[in-house]
K.L.:
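Have a look at the structure that comes next, please.
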Amino acid sequence: MPRDDRTPSTDAPAGAERLQKVLAAAGVGSRRACEDLIFRRRVTVNGRVAQLGDKVDPANAVIHVDGERIVTDTRLVYLAMNKPRGVVSTMADEKGRTALADFLGNRVEQRVYHVGRLDADSEGLLLLTNDGTLAHRLMHPSYGVPKTYLCEVSGPIPRNLGKRLMAGVELEDGPARVDAFRVVDTLGRTAQVELTLHEGRKHIVRRLLAEVGHPVSRLVRTSIGPIRLGDLRAGRTRRLTNAEVAALFKAVGD
(Lines give C-alpha, C1' and ligand atoms only; values in the text may rest on other atoms or scores of the structure.)
Protein backbone atom coordinates (compact mmCIF):
# COMPACT_ATOMS: atom_id res chain seq x y z
CA MET A 1 0.00 0.00 0.00
CA PRO A 2 1.31 3.53 -0.74
CA ARG A 3 2.92 5.30 2.18
CA ASP A 4 1.69 8.62 3.49
CA ASP A 5 4.63 10.97 4.02
CA ARG A 6 2.66 13.50 6.03
CA THR A 7 3.58 13.86 9.69
CA PRO A 8 1.04 12.17 11.99
CA SER A 9 -0.36 13.89 15.02
CA THR A 10 1.95 13.74 18.04
CA ASP A 11 -0.49 14.98 20.69
CA ALA A 12 -2.21 11.65 21.27
CA PRO A 13 -3.78 11.30 24.72
CA ALA A 14 -2.65 8.74 27.26
CA GLY A 15 -4.02 5.30 26.54
CA ALA A 16 -4.46 6.09 22.83
CA GLU A 17 -4.26 3.37 20.19
CA ARG A 18 -3.50 3.31 16.49
CA LEU A 19 -6.47 4.63 14.58
CA GLN A 20 -6.66 1.65 12.23
CA LYS A 21 -6.76 -0.72 15.21
CA VAL A 22 -9.60 1.26 16.79
CA LEU A 23 -11.56 1.28 13.53
CA ALA A 24 -11.06 -2.44 13.02
CA ALA A 25 -12.25 -3.15 16.59
CA ALA A 26 -15.38 -1.11 15.84
CA GLY A 27 -16.19 -3.39 12.92
CA VAL A 28 -15.31 -1.03 10.08
CA GLY A 29 -13.08 -3.62 8.39
CA SER A 30 -9.70 -5.29 8.65
CA ARG A 31 -6.74 -3.21 9.82
CA ARG A 32 -5.40 -3.15 6.26
CA ALA A 33 -8.75 -1.93 4.94
CA CYS A 34 -8.90 0.73 7.66
CA GLU A 35 -5.38 1.89 6.80
CA ASP A 36 -6.55 2.32 3.21
CA LEU A 37 -9.53 4.40 4.36
CA ILE A 38 -7.20 6.65 6.34
CA PHE A 39 -4.77 6.95 3.43
CA ARG A 40 -7.62 7.96 1.11
CA ARG A 41 -8.62 10.75 3.52
CA ARG A 42 -12.01 9.21 4.20
CA VAL A 43 -11.59 9.29 8.00
CA THR A 44 -11.85 12.29 10.29
CA VAL A 45 -11.06 12.50 13.99
CA ASN A 46 -12.59 15.33 15.99
CA GLY A 47 -13.26 17.21 12.76
CA ARG A 48 -9.74 16.82 11.33
CA VAL A 49 -8.78 14.60 8.40
CA ALA A 50 -6.90 11.66 9.87
CA GLN A 51 -3.40 10.58 8.86
CA LEU A 52 -1.65 7.24 8.90
CA GLY A 53 0.10 6.91 12.23
CA ASP A 54 -2.53 8.83 14.20
CA LYS A 55 -3.42 7.53 17.63
CA VAL A 56 -6.78 8.14 19.30
CA ASP A 57 -8.54 7.48 22.57
CA PRO A 58 -11.47 5.22 21.55
CA ALA A 59 -13.50 6.33 24.56
CA ASN A 60 -13.49 10.01 23.63
CA ALA A 61 -12.60 10.51 19.97
CA VAL A 62 -15.34 11.58 17.57
CA ILE A 63 -14.60 9.56 14.44
CA HIS A 64 -16.36 9.67 11.07
CA VAL A 65 -15.82 7.50 8.01
CA ASP A 66 -17.26 8.94 4.81
CA GLY A 67 -19.20 11.36 6.97
CA GLU A 68 -20.82 8.66 9.13
CA ARG A 69 -20.18 8.52 12.86
CA ILE A 70 -18.32 5.43 14.07
CA VAL A 71 -18.76 4.54 17.73
CA THR A 72 -15.45 3.25 19.06
CA ASP A 73 -16.15 3.27 22.78
CA THR A 74 -16.72 -0.42 23.50
CA ARG A 75 -18.57 0.45 26.71
CA LEU A 76 -21.49 1.95 24.77
CA VAL A 77 -24.50 -0.25 24.04
CA TYR A 78 -27.32 0.35 21.57
CA LEU A 79 -30.32 -1.98 21.56
CA ALA A 80 -33.70 -2.22 19.87
CA MET A 81 -36.50 -3.89 21.82
CA ASN A 82 -40.03 -4.95 20.94
CA LYS A 83 -41.90 -4.03 24.11
CA PRO A 84 -44.88 -6.32 24.67
CA ARG A 85 -48.28 -5.01 25.69
CA GLY A 86 -48.73 -4.89 29.46
CA VAL A 87 -45.08 -4.10 30.19
CA VAL A 88 -44.28 -0.77 31.84
CA SER A 89 -41.57 1.44 30.27
CA THR A 90 -39.21 1.44 33.23
CA MET A 91 -36.11 -0.65 33.82
CA ALA A 92 -37.50 -1.79 37.19
CA ASP A 93 -40.92 -1.24 38.78
CA GLU A 94 -41.45 -0.58 42.48
CA LYS A 95 -44.93 -2.11 42.25
CA GLY A 96 -43.55 -5.40 41.02
CA ARG A 97 -44.99 -5.15 37.51
CA THR A 98 -43.14 -6.63 34.55
CA ALA A 99 -40.52 -4.09 33.42
CA LEU A 100 -37.98 -3.78 30.62
CA ALA A 101 -35.02 -5.21 32.56
CA ASP A 102 -36.95 -8.46 33.01
CA PHE A 103 -36.36 -9.18 29.32
CA LEU A 104 -32.62 -8.50 29.34
CA GLY A 105 -31.50 -11.07 31.87
CA ASN A 106 -27.72 -11.35 32.04
CA ARG A 107 -27.19 -10.79 28.31
CA VAL A 108 -26.24 -7.11 28.74
CA GLU A 109 -23.48 -6.38 31.23
CA GLN A 110 -23.78 -2.60 31.05
CA ARG A 111 -26.59 -0.70 32.69
CA VAL A 112 -28.85 0.68 29.94
CA TYR A 113 -31.81 3.04 29.93
CA HIS A 114 -34.86 3.37 27.72
CA VAL A 115 -35.06 6.23 25.24
CA GLY A 116 -38.54 7.69 25.71
CA ARG A 117 -41.56 5.65 26.70
CA LEU A 118 -44.49 3.60 25.54
CA ASP A 119 -47.46 3.32 27.89
CA ALA A 120 -48.23 -0.10 29.31
CA ASP A 121 -51.08 -0.72 26.86
CA SER A 122 -48.88 0.09 23.86
CA GLU A 123 -46.26 -2.09 22.25
CA GLY A 124 -43.46 -1.98 19.75
CA LEU A 125 -40.08 -0.36 19.28
CA LEU A 126 -38.05 1.02 22.17
CA LEU A 127 -34.39 1.94 22.07
CA LEU A 128 -32.16 1.08 25.03
CA THR A 129 -28.71 2.58 25.50
CA ASN A 130 -26.16 3.90 27.98
CA ASP A 131 -25.19 6.72 25.61
CA GLY A 132 -26.77 9.62 27.50
CA THR A 133 -25.89 12.27 24.92
CA LEU A 134 -27.53 10.43 22.03
CA ALA A 135 -30.54 9.49 24.17
CA HIS A 136 -31.09 13.13 25.13
CA ARG A 137 -30.98 14.27 21.50
CA LEU A 138 -33.35 11.54 20.37
CA MET A 139 -35.91 12.57 22.98
CA HIS A 140 -35.55 16.35 22.70
CA PRO A 141 -38.27 17.90 20.51
CA SER A 142 -35.85 20.38 18.94
CA TYR A 143 -34.21 17.52 17.00
CA GLY A 144 -37.55 16.46 15.51
CA VAL A 145 -36.83 12.73 15.26
CA PRO A 146 -39.95 11.16 13.68
CA LYS A 147 -41.72 8.13 15.11
CA THR A 148 -44.18 5.94 13.23
CA TYR A 149 -47.12 4.05 14.74
CA LEU A 150 -49.52 1.40 13.49
CA CYS A 151 -52.89 1.75 15.19
CA GLU A 152 -56.10 -0.24 15.21
CA VAL A 153 -59.00 2.20 15.51
CA SER A 154 -62.76 2.30 15.18
CA GLY A 155 -63.96 2.82 11.61
CA PRO A 156 -64.99 3.71 9.04
CA ILE A 157 -62.29 6.25 8.22
CA PRO A 158 -63.45 9.42 6.44
CA ARG A 159 -61.49 10.48 3.37
CA ASN A 160 -60.39 13.77 4.87
CA LEU A 161 -59.03 12.36 8.15
CA GLY A 162 -55.41 12.49 7.02
CA LYS A 163 -55.71 16.12 5.92
CA ARG A 164 -57.35 17.00 9.22
CA LEU A 165 -54.61 15.36 11.27
CA MET A 166 -51.84 16.94 9.20
CA ALA A 167 -53.48 20.36 9.45
CA GLY A 168 -53.53 20.13 13.24
CA VAL A 169 -55.95 19.19 15.99
CA GLU A 170 -56.52 21.24 19.12
CA LEU A 171 -55.89 19.28 22.32
CA GLU A 172 -56.21 20.40 25.94
CA ASP A 173 -52.47 21.13 26.11
CA GLY A 174 -52.19 22.78 22.71
CA PRO A 175 -52.42 21.89 19.01
CA ALA A 176 -50.81 18.77 17.58
CA ARG A 177 -50.43 17.45 14.08
CA VAL A 178 -49.01 14.44 12.29
CA ASP A 179 -46.36 14.49 9.59
CA ALA A 180 -47.85 11.61 7.57
CA PHE A 181 -50.98 9.47 7.65
CA ARG A 182 -52.36 6.56 5.66
CA VAL A 183 -55.03 3.91 5.96
CA VAL A 184 -53.37 0.49 5.93
CA ASP A 185 -56.46 -1.74 6.00
CA THR A 186 -60.13 -1.81 6.87
CA LEU A 187 -61.61 -4.71 8.81
CA GLY A 188 -65.35 -4.29 9.11
CA ARG A 189 -65.99 -1.70 11.81
CA THR A 190 -62.31 -1.31 12.59
CA ALA A 191 -59.36 -0.04 10.58
CA GLN A 192 -55.59 -0.04 10.70
CA VAL A 193 -53.94 3.32 10.20
CA GLU A 194 -50.31 4.41 10.17
CA LEU A 195 -49.18 7.82 11.29
CA THR A 196 -45.86 9.56 11.77
CA LEU A 197 -45.14 12.48 14.08
CA HIS A 198 -42.07 13.96 15.70
CA GLU A 199 -43.34 15.15 19.06
CA GLY A 200 -43.56 13.07 22.18
CA ARG A 201 -46.21 14.46 24.49
CA LYS A 202 -47.76 11.87 26.80
CA HIS A 203 -50.29 9.62 25.03
CA ILE A 204 -50.18 11.99 22.05
CA VAL A 205 -51.18 9.38 19.44
CA ARG A 206 -54.11 8.04 21.46
CA ARG A 207 -55.31 11.54 22.32
CA LEU A 208 -55.08 12.74 18.73
CA LEU A 209 -57.09 9.86 17.32
CA ALA A 210 -59.65 9.97 20.12
CA GLU A 211 -60.15 13.69 19.51
CA VAL A 212 -61.08 13.06 15.87
CA GLY A 213 -63.50 10.27 16.80
CA HIS A 214 -61.36 7.17 16.25
CA PRO A 215 -60.19 5.81 19.61
CA VAL A 216 -57.26 3.39 19.55
CA SER A 217 -57.73 -0.24 20.55
CA ARG A 218 -54.16 -1.29 19.73
CA LEU A 219 -50.99 0.76 19.20
CA VAL A 220 -47.62 -0.48 17.90
CA ARG A 221 -44.62 1.79 17.38
CA THR A 222 -42.89 0.57 14.23
CA SER A 223 -39.98 3.00 13.85
CA ILE A 224 -37.92 5.65 15.59
CA GLY A 225 -36.06 7.77 13.06
CA PRO A 226 -34.11 5.36 10.83
CA ILE A 227 -34.57 2.34 13.13
CA ARG A 228 -37.39 -0.02 12.23
CA LEU A 229 -39.07 -2.69 14.36
CA GLY A 230 -39.07 -5.16 11.47
CA ASP A 231 -39.72 -8.76 12.43
CA LEU A 232 -38.29 -8.50 15.95
CA ARG A 233 -40.48 -10.68 18.13
CA ALA A 234 -42.30 -9.32 21.20
CA GLY A 235 -40.06 -9.32 24.26
CA ARG A 236 -36.87 -9.72 22.24
CA THR A 237 -33.94 -7.33 21.89
CA ARG A 238 -31.20 -7.00 19.31
CA ARG A 239 -28.04 -4.92 19.05
CA LEU A 240 -28.13 -2.15 16.50
CA THR A 241 -25.70 -2.46 13.61
CA ASN A 242 -22.91 0.05 13.07
CA ALA A 243 -24.88 1.47 10.15
CA GLU A 244 -28.00 1.91 12.30
CA VAL A 245 -26.05 3.68 15.05
CA ALA A 246 -24.47 5.95 12.45
CA ALA A 247 -27.94 6.69 11.04
CA LEU A 248 -29.19 7.66 14.52
CA PHE A 249 -26.32 10.11 14.95
CA LYS A 250 -27.07 11.56 11.52
CA ALA A 251 -30.75 11.93 12.49
CA VAL A 252 -29.74 14.22 15.37
CA GLY A 253 -27.24 16.19 13.31
CA ASP A 254 -23.95 14.56 14.32
Side-chain angles (χ1 to χ4, degrees), residues 77-105 107-108 111-132 134-141 143-154 165 169 171 173 176-182 184 190-211 214-240 244-245 247-248 251-252:
V77 177
Y78 305 88
L79 303 171
M81 177 182 185
N82 186 349
K83 185 190 87 68
R85 192 170 187 171
V87 175
V88 293
S89 288
T90 57
M91 298 312 296
D93 184 63
E94 59 184 15
K95 297 180 181 179
R97 295 172 295 181
T98 303
L100 302 178
D102 296 325
F103 295 89
L104 298 179
R107 288 173 289 123
V108 181
R111 186 176 183 181
V112 296
Y113 304 89
H114 51 93
V115 179
R117 293 176 177 270
L118 282 172
D119 63 70
D121 290 332
S122 299
E123 54 197 289
L125 183 62
L126 271 177
L127 299 180
L128 307 174
T129 185
N130 57 355
D131 187 335
L134 179 62
H136 170 74
R137 292 183 179 182
L138 289 170
M139 290 187 289
H140 200 283
Y143 290 94
V145 177
K147 303 174 184 66
T148 300
Y149 302 84
L150 184 65
C151 304
E152 186 173 287
V153 300
S154 59
L165 289 169
V169 176
L171 302 177
D173 55 352
R177 67 177 186 87
V178 305
D179 301 319
F181 175 87
R182 71 183 181 100
V184 176
T190 63
Q192 285 187 344
V193 300
E194 181 185 81
L195 55 96
T196 300
L197 69 167
H198 61 268
E199 67 166 291
R201 275 183 277 170
K202 189 174 182 179
H203 304 313
I204 187 67
V205 175
R206 292 182 182 275
R207 291 193 290 134
L208 259 176
L209 290 170
E211 185 66 26
H214 299 278
V216 174
S217 57
R218 186 185 181 194
L219 184 151
V220 181
R221 183 157 64 198
T222 57
S223 71
I224 300 174
I227 310 303
R228 303 189 64 82
L229 180 63
D231 58 1
L232 187 63
R233 292 167 55 187
R236 296 295 182 89
T237 60
R238 67 172 180 85
R239 290 184 181 266
L240 299 186
E244 287 176 317
V245 174
L248 280 177
V252 296

K.L.:
Are the side chains of Glu194 and Cys151 in touch, meaning some heavy atoms are under 4.5 Å apart?
P.N.:
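No; the side chains remain at least 4.5 Å from each other.
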K.L.:
According to side chain to side chain donor-acceptor pair (under 3.5 Å), who are the partners of Ser217, at least two apart in sequence or on a separate chain?
P.N.:
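Here the qualifying residues are Glu152.
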K.L.:
Check side-chain contact (heavy atoms from CB on, under 4.5 Å) between Arg236 and all other residues, then give those that pass, not counting sequence neighbours.
P.N.:
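Applying side-chain contact (heavy atoms from CB on, under 4.5 Å) to Arg236 gives Leu232, Arg233.
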K.L.:
So do the side chains of Val87 and Phe103 get within less than 4.5 Å of each other, counting heavy atoms only?
P.N.:
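Contact flag for Val87/Phe103 side chains = yes.
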K.L.:
For Glu199, give me all partners under side chain to side chain donor-acceptor pair (under 3.5 Å), at least two apart in sequence or on another chain.
P.N.:
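Partners of Glu199 by the side chain to side chain donor-acceptor pair (under 3.5 Å) criterion, ordered by chain and then number, come out as Arg201.
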K.L.:
Answer yes or no: is there a donor N or O on one side and an acceptor on the other, between the side chain of Thr237 and the main chain of Ala80, under 3.5 Å?
P.N.:
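Flag not set: sc Thr237 to bb Ala80 has no pair under 3.5 Å.
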K.L.:
Does a donor on one side chain and an acceptor on the other come within less than 3.5 Å for Arg117 and Thr90?
P.N.:
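Side-chain D/A pair, Arg117 to Thr90: absent.
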K.L.:
Can you find a heavy atom in the side chain of Leu126 that is under 4.5 Å from one in the side chain of Leu100?
P.N.:
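SC-SC contact between Leu126 and Leu100 confirmed.
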K.L.:
A side-chain contact here means heavy atoms from C-beta on lying under 4.5 Å apart; do Arg177 and Leu165 qualify?
P.N.:
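Not touching, per the 4.5 Å side-chain cut-off.
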K.L.:
I'd like to check the side chain to side chain donor-acceptor pair (under 3.5 Å) partners of Thr148; sequence neighbours left out, ordered by chain and number.
P.N.:
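Partners of Thr148 under the side chain to side chain donor-acceptor pair (under 3.5 Å) test: Thr196, Ser223.
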K.L.:
With sequence neighbours excluded, tell me which residues meet side-chain contact (heavy atoms from CB on, under 4.5 Å) with Ser154.
P.N.:
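Listed in chain order: His214, Pro215.
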K.L.:
Which residues satisfy the salt bridge (Lys or Arg N to Asp or Glu O under 4.0 Å) test with Asp102, sequence neighbours excluded?
P.N.:
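Listed in chain order: nothing, the list is empty.
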K.L.:
Take Leu171 and Ile204, measure what side chain to side chain contact (heavy atoms under 4.5 Å, CB included) needs, and give me the verdict at the end.
P.N.:
CA-CA 9 Å; Leu171 302 177; Ile204 187 67; 3.6 Å; yes
K.L.:
Applying ring pair (Phe, Tyr, Trp, His ring centres under 6.0 Å), can you list everything that pairs with His140, at least two apart in sequence or on another chain?
P.N.:
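Partners of His140 under the ring pair (Phe, Tyr, Trp, His ring centres under 6.0 Å) test: His136.
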K.L.:
Under the side-chain contact (heavy atoms from CB on, under 4.5 Å) test, which residues partner His203, sequence neighbours left out?
P.N.:
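Here the qualifying residues are Asp119, Arg207.
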K.L.:
Take His114 and Met91 through the side chain to side chain contact (heavy atoms under 4.5 Å, CB included) test and state the conclusion after the steps.
P.N.:
CA-CA 7 Å; His114 51 93; Met91 298 312 296; 4.0 Å; yes
K.L.:
Taking side chain to side chain donor-acceptor pair (under 3.5 Å) as the test, write out the residues that go with Arg97, two or more places apart.
P.N.:
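Result, side chain to side chain donor-acceptor pair (under 3.5 Å) vs Arg97: Asp93.
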K.L.:
Is a side-chain donor or acceptor of Arg221 paired with a backbone partner of Gly124 at a separation under 3.5 angstrom?
P.N.:
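No, because the side chain of Arg221 does not come within donor-acceptor range (under 3.5 Å) of the backbone of Gly124.
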K.L.:
Does a side-chain heavy-atom distance below 4.5 Å link Val88 with Lys95?
P.N.:
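A side-chain contact is absent here, since even the closest heavy-atom pair is not under 4.5 Å.
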K.L.:
Taking only residues two or more places apart in sequence or in another chain, which ones pass side-chain contact (heavy atoms from CB on, under 4.5 Å) with Glu123?
P.N.:
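Here the qualifying residues are Arg85, Arg218, Val220.
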K.L.:
Please determine if Glu244 and Arg238 form a salt bridge, counting it only when a charged side-chain N lies under 4.0 Å from a carboxylate O.
P.N.:
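Arg238 and Glu244: salt-bridged.
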K.L.:
Tell me, with the steps shown, if Leu79 and Val108 meet side chain to side chain contact (heavy atoms under 4.5 Å, CB included).
P.N.:
CA-CA 10 Å; Leu79 303 171; Val108 181; 3.8 Å; yes
K.L.:
I want to check something: taking the side chain as every heavy atom from C-beta on, are Leu150 and Val193 in contact at a cut-off of under 4.5 Å?
P.N.:
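A side-chain contact is absent here, since even the closest heavy-atom pair is not under 4.5 Å.
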